[in-house]
Amino acid sequence: MKPPSVIPYGRQSLTDADIKAVSDVLRSDFLTQGPVVPAFESAVAAYCQVDHAVAANSATSALHIACMALNLGPGDSLWTSPITFVASANCALYCGASVDFVDINPVTRNLCPLALEAKLRQAKTEGKLPKIVVPVHFSGLPCDMEAIYSLSQMYGFRIIEDASHAIGAQLNGESIGNCRYSDITVFSFHPVKIITTGEGGMATTRDPKLAEQMRRLRSHGIVRDVADMSACDGPWYYEQQSLGYNYRMTDIQAALGLSQLTRLDTVIQNRERLADRYDERLGDLPCKRPARLPTAKSAWHLYVIEWDEEQNGCSRRELFDALRNAGIGVNVHYIPVYRQPYYARLGDRRTEFDHSEHYYASAITLPLFPALSNEEQDRVIEALYQAIRS
Ligand SMILES: *Cc1c(COP(=O)(O)O)cnc(C)c1O
């Protein structure tokens, strides 16, 4: 008998229209720096109701140039949530700045505004206020941006939303990415995320100066429209004005993103339907399910349950192994960043982040992606009940 196929925790969905959009670019004159990247940028900006969108070759690159545009440098610090992918923190280190963490709210699993306020008050007395705070819309559920924004007004820091999980999510009926409560928002188009370009990212902003700086930084720091024409040697002229990178997205990637974007709302409806179905069918289990907030619409990037070892007969590890053995590609998102050896060199921080530690000890990510069928989802749920019974 054929062993049952493994159900992954996440997977991209590609259509024939996506494939055609990409092959059209392959047959065109431009593979990169053609018309499709600006078209994708305009489409994302229109979707998010924001003035500017700057594409990059990953969310990691977009976070880096976002920090640079906000002048993050040596002597500065950036604060973020420990329950995130390492890229949310690494962007500060690229700029020579330092990183610190703010504990999560145990219900939303997002950076906790109360913990942030307490840490800011303390930091102010020590003269160590952060320059940038990076709230992460974990699993696609928007952070309490109003509270974080009002703290930014009181304590004078800038905000970059890491919305890698959250394109298509909404807060108070408005799209994440409109930057109502932040300077810059960053999206990821990695294949496991909500929509994909293979690799890719985007930064949105209301500020034309920040947009211009990020455009320059993603392409070597080079400018072609030079204001001072007397410096211009001829029609070939361009000028490097700062030290930038090659963080450009290709037209091939942008074509895929543009095609995927047309299905974004359907993709999220599918994810939401599957999340509702998990909620219904796991209702009897003694485990914590994802929060639902009246003010927010999640993009449902991840469906994470928290498994309390003390309440239940079996441990999180036992449950995890049983599910993996049953062909369910469960995962754990995330190992708190301060636990990573690269960060732990700076000291053991585990006792400072009770909620993050408790979350990390109990979290299991169940499979959730638009093409997950009801039958596959039932297999996940059955395997979960089976694991608990045995
Ligand atoms: C995936 C992810 C990133 C990095 O995205 P890339 O596009 O792979 O660089 C950053 N932050 C979070 C929260 C992510 O999940």
Side-chain angles (χ1 to χ4, degrees), residues 8-12 37 40 44 53-68 78-95 99 101-102 104 108-111 132-143 145 159-169 176-177 182 184-204 214 217-218 245-250 253-254 256-257 260-261 271 290 298-304 331-338 340 342-343 356 359-360 363 365 368-369:
Y9 85 83
R11 184 164 58 206
Q12 73 273 15
V37 168
F40 182 39
V44 169
V54 179
N57 58 5
S58 69
T60 304
S61 309
L63 285 164
H64 184 191
I65 57 178
C67 287
M68 287 180 80
L78 174 150
W79 293 2
T80 189
S81 166
I83 302 300
T84 186
F85 185 57
V86 291
S88 314
N90 287 345
C91 55
L93 305 185
Y94 299 154
C95 296
V99 176
F101 301 97
V102 179
I104 57 167
T108 64
R109 300 143 175 186
N110 280 330
L111 186 146
I132 298 176
V133 171
V134 179
V136 181
H137 305 305
F138 176 76
S139 78
L141 184 70
C143 295
M145 291 308 302
I159 300 175
I160 301 172
E161 294 172 69
D162 184 342
S164 293
H165 300 180
I167 193 164
I176 290 296
S182 64
I184 297 169
T185 300
V186 169
F187 296 121
S188 171
F189 306 124
H190 181 277
V192 295
K193 307 291 165 72
I194 307 288
I195 58 170
T196 189
T197 59
E199 293 278 2
M202 186 89 72
T204 63
M214 290 192 289
L217 289 165
R218 76 167 167 195
Y245 299 84
N246 181 352
Y247 281 171
R248 293 187 306 264
M249 178 182 277
T250 65
Q253 293 165 310
L256 181 53
Q260 292 246 312
L261 187 66
R271 288 178 171 275
S298 178
W300 289 108
H301 169 51
L302 301 173
Y303 191 96
V304 179
N331 218 317
V332 173
H333 296 93
Y334 292 93
I335 303 165
V337 179
Y338 55 76
Q340 294 293 346
Y342 189 78
Y343 283 88
S356 298
Y359 169 83
Y360 177 53
T365 304
L368 179 65
F369 50 89

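Both ligands and their constituent atoms are indexed starting at 1 by order of listing.
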Original post:
side chain to side chain contact (heavy atoms under 4.5 Å, CB included) between Arg218 and Met249: does it pass, once the steps are laid out?
Top reply: CA-CA 9 Å; Arg218 76 167 167 195; Met249 178 182 277; over 6 Å; no
Original post:
Using 30° and 60° as the class limits, which term best fits the ring planes of Phe40 and Phe189: parallel, tilted or perpendicular?
Top reply: tilted
Subject >> Side-chain touch Val37/Arg248, heavy atoms, less than 4.5 angstrom >> reply: no
Original post:
Is any side-chain heavy atom of Tyr9 less than 4.5 Å from a side-chain heavy atom of Leu302?
Top reply: yes
**OP:** Anything under 30° is parallel, anything over 60° is perpendicular, the rest tilted; go ahead and classify His165 against His301.
**Re:** tilted
Subject >> atom 10 (C) of ligand 1: nearest protein contact (heavy atom, Å) >> reply: Ser164 OG, 3.3 Å
**OP:** Just need the protein heavy atom nearest to atom 11 (N) of ligand 1, so name the residue and atom and give the distance.
**Re:** Asp162 OD2, 2.7 Å
**OP:** Over 60° means perpendicular and under 30° means parallel, so classify the ring planes of Phe85 and Tyr334, tilted if in between.
**Re:** tilted
Original post:
Is the closest side-chain donor-acceptor distance between Gln12 and Thr196 under 3.5 Å?
Top reply: no
Subject >> For Ser58, the ligand 1 atoms whose distance to one of its heavy atoms is below 4.0 Å >> reply: 7 (O), 9 (O)
Original post:
Within less than 4.0 angstrom of ligand 1, does Ser88 place any heavy atom?
Top reply: yes
**OP:** Answer with yes or no whether Ala62 contacts ligand 1, where contact means a heavy atom under 4.0 Å from a ligand atom.
**Re:** no
Original post:
In the protein, what heavy atom is nearest to atom 15 (O) of ligand 1, and what distance, to one decimal place, separates them?
Top reply: His165 NE2, 2.7 Å
Subject >> Proximal atoms of ligand 1 relative to Ala59 (non-hydrogen, under 4.0 Å) >> reply: 4 (C), 5 (O), 6 (P), 7 (O), 9 (O)
**OP:** May I ask you to check whether Thr60 has an N/O atom sitting below 3.5 Å from an N/O atom of ligand 1?
**Re:** yes
Subject >> Where ligand 1 meets Gly200 - atom numbers and elements under 4.0 angstrom, heavy-atom basis >> reply: 7 (O)
**OP:** Consider every N or O of His190 and every N or O of ligand 1, then say whether any pair is closer than 3.5 Å.
**Re:** no
Original post:
Should Ile159 and Pro135 count as side-chain neighbours, where that means a heavy-atom distance under 4.5 Å?
Top reply: yes
Original post:
So, is Leu63 polar-close to ligand 1, with some N/O to N/O distance under 3.5 Å?
Top reply: no
**OP:** Considering only non-hydrogen protein atoms, determine which one is nearest to atom 1 (C) of ligand 1 and report residue, atom name and distance to 0.1 Å.
**Re:** Lys193 NZ, 1.5 Å
Original post:
Counting from 1, what ligand 1 atoms have a heavy atom of Thr84 closer than 4.0 Å?
Top reply: 13 (C)
Original post:
If we only count heavy atoms from C-beta on, is the Val337 to Thr84 side-chain gap below 4.5 Å?
Top reply: yes
Subject >> Geometric N/O contact Tyr334 with ligand 1, under 3.5 angstrom >> reply: yes
